[in-house]
Amino acid sequence: MPSKVDSEASAAERVDPGISRGDVDGFQLGGRIWGSRLIVGTGGFRSLEAMERALVASGAEIVTVALRRVDPLARGSALEVIDGLGLFALPNTAGCYTARDAVRTAQLAREAFETDWIKLEVIGDDRTLFPDAVELLDAAQQLIDEGFTVLPYTNDDPILARRLQDAGCAAVMPLGSPIGSGMGIRNPYNIQIIVESASVPVVLDAGIGTPSDAALAMELGCNGVLLSSSVARAKDPERMARAMRQAVEAGYAARRAGRIPRKLHAEGSTPDQGLPDLG
Amino acid sequence: MPSKVDSEASAAERVDPGISRGDVDGFQLGGRIWGSRLIVGTGGFRSLEAMERALVASGAEIVTVALRRVDPLARGSALEVIDGLGLFALPNTAGCYTARDAVRTAQLAREAFETDWIKLEVIGDDRTLFPDAVELLDAAQQLIDEGFTVLPYTNDDPILARRLQDAGCAAVMPLGSPIGSGMGIRNPYNIQIAGESAPGLVAAPTIEDARE
Amino acid sequence: MTIELNGRTVELSPGATVADAVIEAGADGDSRGVAVAVDGQVIRRVDWGKTKLRSDQSVEVVRAVQGG
């Protein structure tokens, strides 16, 4: 059935439902209030030490982790570092191609991390890592029925975002461009449409290359940003993590501040009135 | 299951496999060769005369038409003009929100136009007119089972494009930007990837809705 | 008794439980961040010690790793 979007809703409500509910100082996600709107992945770092320094610099409270077969030879553990920093480990279902695999991985993650939160990824191929819309929605519905708090990595399709929201997802996390590509937000129009029609938080996930991309996501009205490679693979991950933190804060502040409209012609800010006649 | 795309294919093959098959002079679509690669919609014109002149000027051989309730007061008919010009009328399922409605509309169109070709549109809302991926794929599968030649209007998602191809669609027709928006191709990267993953099946976004 | 453990064929003594397979797989004592599936079904942590394995079952023992 068609879903009519209420175009009468005030701009502020459409921009950030959190703001209109008085949530000006915190990021509402999954029924909790978070101090940071930046979620950071833990993959791709050169060492656990580099990861730890970057996570601290990012100010993130939520960090993503994956599940893989136990390697008896592995030294140290990402989870020990995350636990040591007091951060919330959000498991993902990276590498799953079907709803069935993603549901099983989420069930494993629930046991491993004692959390019903899951970053749901169901991808369509190994070259684009783009989500498979049909499998994703199927997995989301099954996991919500099982009581999970589902945060789906989705493409930038506003219709799929609405269906995920209607299914009961706690957020929608559209991609800006392919995972790890650093191509930024390829289609800001679609992100804007998703933000306008969403009643759950929108977290821009994937494609961020540099802090201006993260700032743009927040200026478009996203409630948060999730990134990994742009920090982990930067020359100096710790410095980049700090830059990303500042960009997310700046973009969010700018969105709330309300930018000036774009105009074709100049409009000086200095008054013409009282200009001296200098002959 | 993962679908591995053969990155060894030559650029030319990926760009237009038709060319590499020696099809340099025609556009293969639905098992026929067409002289024109431009498909034009017939909606939104101010008059049938304006439509007729534009269709002739476009050189299009395929033009899209819709089905609506019979209006006893309507003067003239788009189909008469199209038939008069000897063009192929491709019916669409515009205005359908569910697979069920789209399949029924396609069945009506098959009767009305005596063709099993259908431009399949299953949209998700009336503001973006973006396709609903799940309903679209469902409708495509049903229509292919019924023997239709299915040309789906889809979003610019390469994964959905591949699934439509795998289901047996005769083409995939990704949008450049919202219908009628005149916003051009918002995400050329995705169109490029869709072309690589569904080689030979990506018809150019139609200009149908580039209305005045 | 032979089972498939993380893709390897391993020999466990008859009557071995999921908890034994976890140790065999190399997961250390602290089991936080570790989860087990037997023939695709997740086994809850509290049931590891009382779930006996049978020959030819496939056991996956996974743990947290860095990911995006």
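So you know, we letter chains A, B, ... as the sequences are listed, proteins then strands, and number each from 1. Keep in mind the model is a prediction, meaning the values are calculated, not measured.
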Q: Decide if atom CZ of R100(B) counts as having more than 12 heavy atoms of other residues, nucleotides or ligands within a radius under 6.0 Å.
A: no
Q. Under a 4.5 Å heavy-atom cutoff, which of I159(B), N187(B), T128(B), L160(B) has the most pairs with chain A?
A. I159(B)
Q) Just checking heavy atoms, which of residues 129-139 of chain A are less than 4.5 Å from chain B? A) F130(A), P131(A), D132(A), A133(A), V134(A), E135(A), L137(A)
Q.
Taking CZ in R110(B) as the centre, count heavy atoms belonging to other residues, nucleotides or ligands within less than 6.0 Å. Is the count above 12?
A. yes
Q: Tell me, yes or no, whether the heavy-atom count around Y189(A) atom OH, taken from other residues, nucleotides or ligands under 6.0 Å, exceeds 12.
A: no
Q. Is D156(A) close to D156(B) at the side-chain level, that is, under 4.5 Å between some pair of heavy atoms?
A. yes
(Q) Restricting to non-hydrogen atoms, name the atom on R162(B) and the atom on G124(A) that form the minimum distance, rounded to 0.1 Å. (A) NH2-O, 2.6 Å
Q: Under 4.5 Å heavy-atom distance to chain B, tell me which part of N190(A) shows up: side chain, backbone, both or neither.
A: side chain
Q. For chain B, which residues from residues 167-186 of chain A lie under 4.5 Å away (heavy-atom distances)?
A. M183(A), R186(A)
